[in-house]
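Lettering of chains follows the sequences in order, A, B, ..., and the numbering in each one begins at 1.
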Amino acid sequence: MLWLADFFSIFLLPKFNMASYHFNSIEKNWQKFWAEHQTFKADNHSKLPKYYVLDMFPYPSGAGLHVGHPLGYIASDIVSRYKRHKGFNVLHPMGYDSFGLPAEQYAIQTGQHPAITTDENIKRYRQQLDNIGFSFDWSREVRTTDAQYYHWTQWIFIQLFNGWYNKANDKAEPINDLIKKFGAEGNANVNAVCDETIVFSGSEWNAFSEKQKQTILLNYRLAYLSDTMVNWCPELGTVLANDEVKDGVSERGGYPVERKLMSQWSLRIAAYAERLLQGLDTLDWTESIKEAQRNWIGKSEGTSLKFYLASPLTPPQGKQEPSDVSMVEEEELWYATADKSKYRILKDFALENRRNATNEEIIIWEALRNNQIENVKFRRQHIIDKFIADFVSFEYKLVIELDGLIHSLEDNIISDEARTLVLNELGFTVLRFTNEEVNSNLNGVLGKIKSYVNSIVPSTPSPMEKGMGDEAKKSQGECIEFFTTRPDTIFGVSFLTLAPEHELVAQITTDACKAAVENYVTLSKNRSERDRMADVKTISGEFTGAYAIHPFTKTLIPIWIGDYVLAGYGTGAVMAVPAHDSRDYAFAKHFNLPIPQVVEGGDISVESYDAKEGLLINSDFLNGLEVKAAIKKAIEKIEAEGLGKGKTNYRLRNAIFGRQRYWGEPIPVYYKEGVPYVVEEKDLPIALPEVDKFLPTETGEPPLARAQNWNYNGHAFETTTMPGWAGSSWYYLRYMDPHNAKEMVGIEAVNYWQNIDLYIGGSEHAVGHLLYARFWCKFLKDIGTVPFEEPFKKLVNQGMIQGTVCTTYIYSYKNHVNEILKCAVAVDLHSQFKSGNSEGVIKIIAAQIGSSITDCQYVNEVNVPFEFFAAAVFEDSEGLKKWLSSAGNSVSHLIIGSDSKFQVKMETGKMSKRWHNVVNPDDICSQYGADTLRLYEMFLGPLQDAKPWSTQGIEGVHRFLKKAWRLFHNHTNEDFAVSDEPALKAELKTLHKTIKKATEDIDNFSFNTSVSAFMVCVNELQDLKCNKREILEPFIVLLSPYAPHICEELWHLCGHAESIEKADWPVFNSEFLVENDFNYPISFNGKVRFNLNFALDLEPLAVEKAVLADEQTIKYLEGKTPKKMIVVKGRIVNIVI
RNA sequence: GCCCAGAUGGUGGAAUCGGUAGACACGCAGGACUUAAAAUCCUGUGGCUUCACGGCUGUGCGGGUUCAAGUCCCGCUCUGGGUACCA
């Protein structure tokens, strides 16, 4: 193919075709010219209006660019070039999102440093991009893997760490201000987005140890360390964000993902939930992307609501006391006072100790519990710092220890003296008693406690006493809290459902139901996330035997558990209204529970009526109200009675920010006594260290733990790295000021360029990248780094260019001499095999191979390169066999279809190395030229639509360029020939029609239609035999954004020394399109029969008269009188008979 | 299930405001030039019907509004994308 083209260009064309269109040399020349003249360099100090066009920068994968990548880049390039013609100072940069998993996976397999792989891939990408002639300002290139770049990614992390979200001002503020406030007045009046509401005074804050302060501050910081349930992917050895997990497997690689509790860096994106939601309304994005973000943020407004239990809580196990603090609160309390790094272990020990209490311990506890001694509240087996105290009172800062107890690991190592010392340091007094004392002289022991308690004044509530606040005391733990968006349906509640994991399940379950409930809980625990997701239809649950009291009707409501209720959302409990919620309805039907209707509408005997419309019935004080009004009234009543509060829930979770990976930005954090600190800004960047292997350590720590001297002034560095989206969340800012060594972006640069006028990229980033980048932008606005709140004003999603995926299936079989062989088989056999008809498959294979087959097994499916196939069939069987064997699938036979051709299953799918269907744009460029590729990709259809790649039609576009070229050249000898004669009216009309269309189409991103307008223009000019400069020069300016090389060449042939890029966009003049008359379509009852020409200034009445007088009209009227006549000036005439 | 987008010739698609459906291109058929091929150019090309003029029909399906509907409204079917026991 190639050699033929070369042959013609070298030997034939120069001889006979002096000036034909040699795209290869033309394109190379101009690409060189643009690079040498820095034609597309953007100026930060221009007086011109600015226009910022951005493409989503690519991850430089090993497969190189495929024809799908440039689609969006071509569109943005057209807009950039157009805007330059229109007199804008255009910023159109490109870079690489070069941290990522594939390079690291490759590094693990080969030992090759990811930086090397990445560098090679970038070189290849750059070459491919250059071939297409983009007008990028390469002097501004950024790479997320550059230390000069991730310096500032780390800097942003530090700002997040040093920031907290002040709800009062609805913005992020410096943590130092918060610390000052804590010191002055405590946190009672701080309205922050934080994890826990610990209340302390200013003096208490000042009395806290450094460690305690830091622990509390972590609850406020926007970048924080916490124990979170994460999506752990063992195969990849890392955690994944929610949007990186699809259907229980990793989006990249498709490996299973499990839920795991880990200490992780997270970003408090949820603080910005409302602003992220509100901001969407101001954006020029497609509705579907905005909707996807709204769903992801998942705002739901409703109310919290308490149901009191009908009977007091029964202890689930003999030894566990009725608690006035629920287990959750107890755990939170532990967490507040415990050493976080040891918390997980300690918690288990504490629970274990409680369950296995010694006799002496039980004796003391029976005396201390329920405020029996001097009304002092004691807790048992409570975690303080690294220790588990046997008994503790926070008000009196008193710890009571019994000797002879089995302590936790740490306790065994550290002596009792040391324990006492540390506890004293924390402000506690320790009283020690031996088991013998307790057994022989309990009264003496209690007396000592009493006299101590009476000797001191109890302290005001401390942070440790969180959970002992008024609210907890009032509730007395005997209620269950719910969240509902439909408080109006409160009278339709016929049962309550708790998640199987709900904390109260064990405590409320009656003995009669205990076995079944425990069984069910175990069952749901063992069901993996994936099973639970896959199996949505099966309804399951158990009755706990317990009842709650309806807050208004005071009737008894049974409490069930069911795994359709998620522990992680709301309160993990649902007030079930089966008549008006489809899931509750299904549950009620399945277990035969009542379905009382409280909103009019629908047919409750068939299905639930979920619509938020209708009048309330059977609902006491809500009767007769519309749903909306009823919701309002119900909330008022619930709040008035102290049963709950109007509340807004968001589905948006805080973003986990750490990855147990090597190839990412190091998190600029070090640990001092287990407390995280950020490094000083002057020490940035913290460069990614060298490691011997890119794998976790033997002890399971991330790869960075392998690095030598991985510490900061002797303090160990964080070993996790940032996730892939860190670098891409702010890269658009760095382009504005890419070489600034002092700041991430200078204020002057960001004030000039502002936010992005046009952002083009794939819709696969709908929630991930676009949401995170918006979050960071809002944060950067809060801290004064950028002057705008939304980074991307207008977003256009280009559709994916899909490839063809060809699949064949491999079977292995044994022949008559017991040899094991393999054959590749057509699709129809595979479907038979799958449906269990292996007998039939064996028969067909045997018939083809011509021998008896004793055994036949399906082995796997193999994707075959598309280039082997013309149209789902394959004739070169030896070639295919060869390819299969080179891909590791040696086959002895191909099973041929009835048409004696080998058939392959063909589907459209993603273009990827994996499917062997990547089409390289370089091939198109060398065969047809970059201009043809650019025009063709635009001509394929609307930018936003997904389309399978095919080269049919590319000839037409190429032909068009050749035609355009010929307009400038003499027909006989092909010399350049443009005339300076004035243009004719018809020629000007064609030109201005095209100016109008091309201008409007770019503004509407309708690039396919403007390509067709150019074709129409060239066809018309060709018919007019037009070679006039007055027409052709403006025309190539119009065409140049699409096909810059050929236009640049023609522009210079026309005698211009400067780049066509500097030419002004032609101005449309409507005068040339003015028509004096119009060929009216004359229709009868809406059917067009013929046309009549009238002057356009002829009034409708006159047109009507003239039409009626026409003999054709008379013919079609067939003697009837028209009932009505419509004349639309310049459009149509319709006669109603 | 829910949300969003869409459905037009053999194919990709056009019709931006309710006003001649199928622009432009591919493919196909026929022709010109040529020893031949390539390249280029010309003609035709939704379906049915007719020697022809023409007629009928036609934008996923069924209704409706209108002088006029691919376009607006109601009810479906199917396809693509997103999302999910979110209370």
Side-chain angles (χ1 to χ4, degrees), chain A residues 4 8 12-13 16-17 20 246-247 286-296 298-300 302 482-486 489 497 499 532-533 535-537 539 562-566 568-577 580-584 586-587 610 649-651 763-764 766-767 797 799-800 908 936 939-942 944-948 950-957 959-960 962-963 966 971 1000-1001 1003-1004 1006 1008-1016 1019 1022 1079-1091 1122-1128 1130-1137:
Chain A
L4 248 180
F8 278 109
L12 295 178
L13 297 173
F16 306 108
N17 260 342
S20 10
K246 294 262 142 74
D247 302 325
T286 60
E287 208 38 53
S288 61
I289 294 272
K290 289 206 247 183
E291 203 53 35
Q293 294 216 350
R294 286 192 193 105
N295 289 338
W296 194 259
K299 180 179 184 174
S300 61
F482 296 86
F483 173 76
T484 178
T485 56
R486 295 292 303 273
T489 60
T497 318
R532 229 164 125 168
M533 262 190 269
D535 181 22
V536 172
K537 277 165 214 134
I539 293 152
D563 69 1
Y564 79 97
V565 179
L566 303 176
Y569 185 78
T571 59
V574 173
M575 60 165 232
V577 184
H580 306 291
D581 180 284
S582 56
R583 293 150 307 173
D584 298 340
F587 196 84
D610 295 11
N649 255 8
Y650 295 93
R651 199 174 73 95
S763 54
E764 66 270 22
V767 281
N797 293 113
M800 210 187 331
T908 47
Y936 180 59
F939 190 58
L940 272 173
Q944 293 88 344
D945 292 3
K947 46 225 147 196
S950 97
T951 45
Q952 67 158 251
I954 199 164
E955 293 283 350
V957 170
R959 229 168 264 159
F960 154 74
K962 285 196 276 192
K963 271 192 227 173
R966 275 200 305 273
H971 287 265
E1000 286 170 356
D1001 281 351
D1003 291 334
N1004 292 321
S1006 179
N1008 55 328
T1009 51
S1010 46
V1011 176
S1012 90
F1014 295 140
M1015 289 173 168
V1016 172
N1019 288 346
Q1022 189 177 261
N1079 204 18
Y1080 281 89
I1082 312 300
S1083 58
F1084 295 80
N1085 289 339
K1087 278 175 194 163
V1088 178
R1089 294 301 176 179
F1090 56 92
N1091 289 53
K1123 281 186 197 146
K1124 199 173 173 185
M1125 231 179 130
I1126 287 109
V1127 177
V1128 183
R1131 284 250 187 234
I1132 202 164
V1133 175
N1134 192 15
I1135 302 162
V1136 186
I1137 315 172

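Base orientation at C76(B) is anti, since its O4'-C1' glycosidic dihedral falls outside 90° of 0. Glycosidic conformation of G64(B): anti, with the torsion beyond 90° of 0.
Among the protein residues, K290(A) comes within range of no part of the nucleic acid, since none of its heavy atoms lies under 4.0 Å from any strand. Residue N1019(A) is classed as a sugar-phosphate contact, given heavy-atom separations below 4.0 Å to backbone atoms only. Using a 4.0 Å heavy-atom criterion, one finds that D610(A) contacts no nucleic acid atom at all. Using a 4.0 Å heavy-atom distance criterion, V574(A) is classed as a base contact. In this structure, V1016(A) reaches the sugar-phosphate backbone alone: every heavy-atom distance under 4.0 Å involves primed, P, OP1 or OP2 atoms, never a base. Contact annotation for K1087(A): backbone-only contact, meaning every heavy-atom pair under 4.0 Å involves sugar-phosphate atoms and none involves a base.
For the pair S300(A)/Y650(A), no side-chain contact is recorded, criterion being any heavy-atom separation below 4.5 Å from C-beta on. Proximity of Y564(A) to D584(A): side-chain heavy atoms (C-beta onward) are separated by under 4.5 Å at one or more points. Residues V565(A) and R583(A) are not in side-chain contact: their nearest non-hydrogen atoms beyond the backbone lie 4.5 Å or more apart. Side-chain atoms of M575(A) and T489(A), non-hydrogen and from C-beta on, do get closer than 4.5 Å to each other. Two residues are said to be in side-chain contact when any heavy atoms from C-beta on lie closer than 4.5 Å; N1008(A) and L940(A) fail this criterion. Counting only heavy atoms from C-beta outward, the side chains of R486(A) and D581(A) never approach each other to under 4.5 Å.
Counting to the nearest Å, the P atom of A69(B) and the CD1 atom of I1126(A) are 12 Å from each other. In this structure, I1132(A) places its CD1 atom 12 Å from C1' of A69(B), rounding to the nearest Å. One can place CG of L566(A) at 10 Å from C1' of A84(B), the figure rounded to the nearest angstrom. R651(A) has its CZ atom 7 Å from the C1' atom of C86(B), to the nearest Å. One atom, CG of N797(A), and another, C1' of G81(B), lie 11 Å apart when rounded to the nearest Å. Distance NZ (K1123(A)) to P (U66(B)): 14 Å, rounded to an integer number of Å. Counting to the nearest Å, the C1' atom of A5(B) and the CD1 atom of I289(A) are 11 Å from each other. One interatomic measurement links the two molecules: CG of N295(A) to P of G82(B), which rounds to 13 Å at whole-angstrom precision.
Taking every heavy atom of both residues into account, P1081(A) and R1131(A) meet most closely at CD-O, 3.3 Å. The minimum heavy-atom distance between F939(A) and V1011(A), with the atom names listed, is CD1-CG1, 3.6 Å. Closest non-hydrogen pair, T497(A) versus F482(A), comes out as O-CE2, 4.5 Å.
Under 4.0 angstrom from either OP1 or OP2 of U40(B) there lies at least one side-chain N or O belonging to K962(A). Here R1089(A) does not reach the OP1 or OP2 of U20(B): none of its side-chain N or O atoms lies under 4.0 Å away. Contact annotation: R583(A) reaches the phosphate of C86(B) (side-chain N/O to OP1 or OP2, under 4.0 Å). An OP1 or OP2 oxygen of C26(B) is reached within less than 4.0 angstrom by a side-chain nitrogen or oxygen of R959(A).
For D563(A), counting side-chain heavy atoms from C-beta on, the closest listed nucleotide (C85(B), U20(B), C24(B)) is C85(B).
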Can you give each donor-acceptor pair under 3.5 Å made by side-chain atoms of residues 1082-1089 of chain A, sequence neighbours left out, with the distance rounded to 0.1 Å?
| residue | atom | partner | partner atom | Å |
| --- | --- | --- | --- | --- |
| S1083(A) | OG | V1133(A) | O | 2.9 |
| S1083(A) | OG | N1134(A) | OD1 | 3.0 |
| N1085(A) | OD1 | I1137(A) | N | 3.1 |

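When the P atom is used for both U66(B) and C73(B), the distance is 16 Å, rounded to whole Å. Across the C1' atoms, U35(B) and U50(B) are found 43 Å apart, a figure rounded to whole Å. On the P atoms, A14(B) is 16 Å away from C72(B), given to the nearest whole Å. A69(B) sits 26 Å from G54(B) when the C1' atoms are compared, rounded to a whole Å. As rounded to the nearest Å, G44(B) and G10(B) have C1' atoms that lie 16 Å from one another. Spacing of P atoms, G81(B) relative to C76(B), comes out at 24 Å, to the nearest Å. Atom name C1', nucleotides G58(B) and A25(B): the rounded distance is 23 Å, in whole Å. On the P atoms, U8(B) is 14 Å away from U71(B), given to the nearest whole Å.
Looking at RNA chain B, the stems built from 3 or more consecutive Watson-Crick or G-U wobble pairs, each pair with its key distances under 3.5 Å, are B:1-7 with B:77-83, B:10-12 with B:24-26, B:27-32 with B:40-45, B:46-49 with B:54-57, B:60-64 with B:72-76.
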**Prompt:** What does nucleotides 7-15 of chain B look like as a protein-contact string, B for base, S for sugar-phosphate only, - for none, at under 4.0 angstrom between heavy atoms?
**Reply:** ----BBSS-

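Map G953(A) and G572(A) each onto its nearest nucleotide of RNA chain B; the residue landing nearer the 5' end is G953(A). The residue among N1134(A) and K963(A) whose nearest nucleotide of RNA chain B is located toward the 5' end is K963(A).
The aromatic rings of F1014(A) and F960(A) sit parallel to each other, their planes meeting at less than 30°, with 60° as the upper class boundary.
To the nearest 0.5 Å, atom CZ of residue R959(A) and atom CE of residue M1015(A) are 10.0 Å apart.
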